[in-house]
Protein chains: 2
Amino acid sequence: MAASTLSEVARLAGVSLATASRVLNGSSRKPAEDIAGRVRDAAEKLGYVPNAQAQALAKSSSGLIGLIVHDIADPYFSAIARGVQEAARQQNRMVLLASTSGAPHDEKEAVAAFAARRADSIVIAGSRSVRAQDKQGNTELAAELDRYCRNGGHVGVVGHPVVGASTTEGYHVVKVPNEELAAGLAAELAATHHGEFLIVAGPEGLYTSDDRVRGFQRGLTDAGRPAAEIIRTGFNRAGGYDAGLALADRIKASKERLCIFAVNDVMAIGVTAALRPEGVWIPRDATIAGFDDIETLRDFRPALSTVHLPLEDIGRLAAGDPDTPPVSGAVKLRRSTETPVESQV
Amino acid sequence: MAASTLSEVARLAGVSLATASRVLNGSSRKPAEDIAGRVRDAAEKLGYVPNAQAQALAKSSSGLIGLIVHDIADPYFSAIARGVQEAARQQNRMVLLASTSGAPHDEKEAVAAFAARRADSIVIAGSRSVRAQDKQGNTELAAELDRYCRNGGHVGVVGHPVVGASTTEGYHVVKVPNEELAAGLAAELAATHHGEFLIVAGPEGLYTSDDRVRGFQRGLTDAGRPAAEIIRTGFNRAGGYDAGLALADRIKASKERLCIFAVNDVMAIGVTAALRPEGVWIPRDATIAGFDDIETLRDFRPALSTVHLPLEDIGRLAAGDPDTPPVSGAVKLRRSTETPVESQV
DNA sequence: TTGCAACGGGAATGCGCTTTCCCACATGAA
DNA sequence: TTCATGTGGGAAAGCGCATTCCCGTTGCAA
């Protein structure tokens, strides 16, 4: 990647480097129009493309915003990514992407790489976790982030504060009311469902999952219902699928409909997918609700009851967009939790 | 973003700048172990993070790879993005993201921005188009890309060559056998479906759409069937939805089942979604097939017949990964095109 | 002991740009 | 006419690093 430089442009235009810079890259000092014209012509003729690296070096601001997600192909993250991308665009920045599969160690590496590139800010979107196996990774990640902040960086975190961060300076946490919304969901479900509840959750220690579980249980309690049993599995479709397999027989054996709360939409889809070939129909034999309201899944049938989250806005907020309204979700009851008319075949 | 610099480290370690550089950033010359240790300690103590901008400037290679997509939240693109991301990771690079909604003008801007950042290569994943309204944009985009290549850049294009590129130097086109695969799909469908076919296509001029349409028609012709009627609409779910609305009455009026080929999966989903509330059931009243085999859509019911595309591999290939096998798709016939036993209720 | 190669650390240069500082010149008031 | 003031261009000093070139040391053969 070589290209013509500013000094070549300046020479061709017969002006100094300083003048050329002032003309081409928005300075407060505006050279005279005839000179400016000459410079612009020269730049055009040479196909001059400013070297952003050099600019960043000279004015120490890179115009970069780093984004860390678990998996960019996961619709939850790609929706957030879209928001971040849009905010970046408005701020005239570019986004640097890193997928980490959620491993704190990889996240730490990503942060280091972003710091090396002198990203103006970092958005970290994956769910935080306090699992034992992540302990060391979390500590390292926190240290790396703290250092980044100490050097003047801004970090936007989705959901929960980074585990082990020693300061709040520079951090900006976009709170997602997982617990409240899950409680709301439980309340609405309890109004029509009079049988048992069951929660298909992610691994213990994953904040997002834990919050939603806690909220749901609280909602049940407030409605005067017993707490739901919890099945722990992977926080993705495969996890939901496994849970579905494990539940099939039990659902078939029971004469009462079970209401399943999967802590996110893709898990709910996984559960449903596992149940279907077993002859368990939703909502006839069991009902199910998810969380997130993933766009790509809206055409799924039976339409999935869930909690809507403004993922794109969340991304925007994490990227520091001031015009985005605060996060506010909403319970969406759809077909998958409808109580069918009592004409069970 | 300020941070401690190499020279601070060097001073603290009591060595020269050159030595510190050699120790910390993989040079061919390895200073003595005791000195290296001192330098590493100093770096550790200061929390030194190398400035990638400055490194890039000094050795003119940025370790960046630019990715241009229409919409990162679209599962088609996010799957490709995952591939690119993985390839980048293997090559020890980072990916710069740009979403452009498919507007050639925005794509041009993105290329310019990537060029400014001296990205080592650019992957451009959106479908190319020859629509009249994109004419000027295409020309500008091509010019910008040509310039980028002339300056030593590499560009990987998914699908079709960039319209109007004046050279092939530096370009690397990942060919997607849309036409052949669509022909294959038509052939397989024609084997069991004996009624009419209809194509729900994107706007004329969009290569991907046009190729698939052409291939499908050829497949029909080769099977001795008349060419299918074509409905043109948007290349996304909304487009499919509109087409579905337009088709509902016609399907209900006809006594013969129609087989619909939507040129991509999300359009097929859109068609289905529009048809459902009209009481038109798939595959009972009409059958439908898509294209892409989007992962998130696999749990959709009725399971969508489609053509599988190794999107992740495509991304990897476009990002220049040498170990990825060439693109090869496969027809997947599923429930949505099954001919039901003649027991139509 | 001398001479030469090999080794290893340091000074200095440059990557492409921004920005400060300086200076020449023009303009206005005294 | 003279001096204060302002205007606008240029020279030069970095920004943080890699790298070339130079030079003092050391090891070894002659």
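To find a chain, count down the sequence lines: A is the first, B the second, and so on, and within it residues start at 1. These numbers come from a predicted model, not from an experiment.
With 3.5 Å as the limit, one finds a donor-acceptor pair spanning the side chains of B:Gln136 and B:Glu140. Inspection of the B:Tyr76 and B:Asn236 side chains reveals no N or O donor paired with an N or O acceptor under 3.5 Å. Using modelled atom types and a 3.5 Å distance limit, the side chains of B:Asp134 and B:Ser129 yield a donor-acceptor pair.
Within residues 5-23 of chain A, the residues that have a heavy atom under 4.0 Å from DNA chain D are, in order of number, A:Val15, A:Ser16, A:Ala18, A:Thr19, A:Arg22. For DNA chain D, the residues of residues 49-59 of chain A within the heavy-atom distance limit of 4.0 Å (strictly under) are A:Leu57, A:Ala58, sorted by number.
For the helix from C:dT1-D:dA30 to C:dA30-D:dT1, the end axes, each set by the C1' atoms of five terminal pairs, are bent relative to each other by 50° (nearest 10°).
Remark: side-chain polar atoms of B:Thr100 are not paired, donor with acceptor, to backbone N or O of B:Asp106 under 3.5 angstrom. Side-chain atoms of A:Asp120 come within 3.5 Å of backbone atoms of A:Gly63 as a donor-acceptor pair (strictly under, hydrogens ignored).
Ionic pairing of A:Glu144 and A:Arg147 is present here: one or more N-O contacts between side-chain nitrogen and carboxylate oxygen are shorter than 4.0 angstrom. Ion pairing between A:Lys45 and A:Glu8 fails under the 4.0 Å rule for side-chain N and carboxylate O. Taking the charged nitrogens against the carboxylate oxygens, B:Arg40 and B:Glu33 do have a contact shorter than 4.0 Å, which makes a salt bridge.
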Candidate pair B:Asp313 and B:Arg82, rule salt bridge (Lys or Arg N to Asp or Glu O under 4.0 Å), full reasoning: CA-CA 9 Å; B:Asp313 286 352; B:Arg82 185 202 258 157; over 6 Å; no

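Following rounding to the nearest Å, B:Leu46 (CG) and D:dC17 (P) show an atom-to-atom distance of 12 Å. In this structure, CZ of A:Arg117 is placed 14 Å from C1' of D:dC17, rounded to the nearest angstrom.
Note on A:Asn25: every side-chain N or O is 4.0 Å or more away from OP1 and OP2 of C:dC17.
In this structure, A:His70 and A:Phe77 have tilted ring planes: the angle between them lies in the 30° to 60° band.
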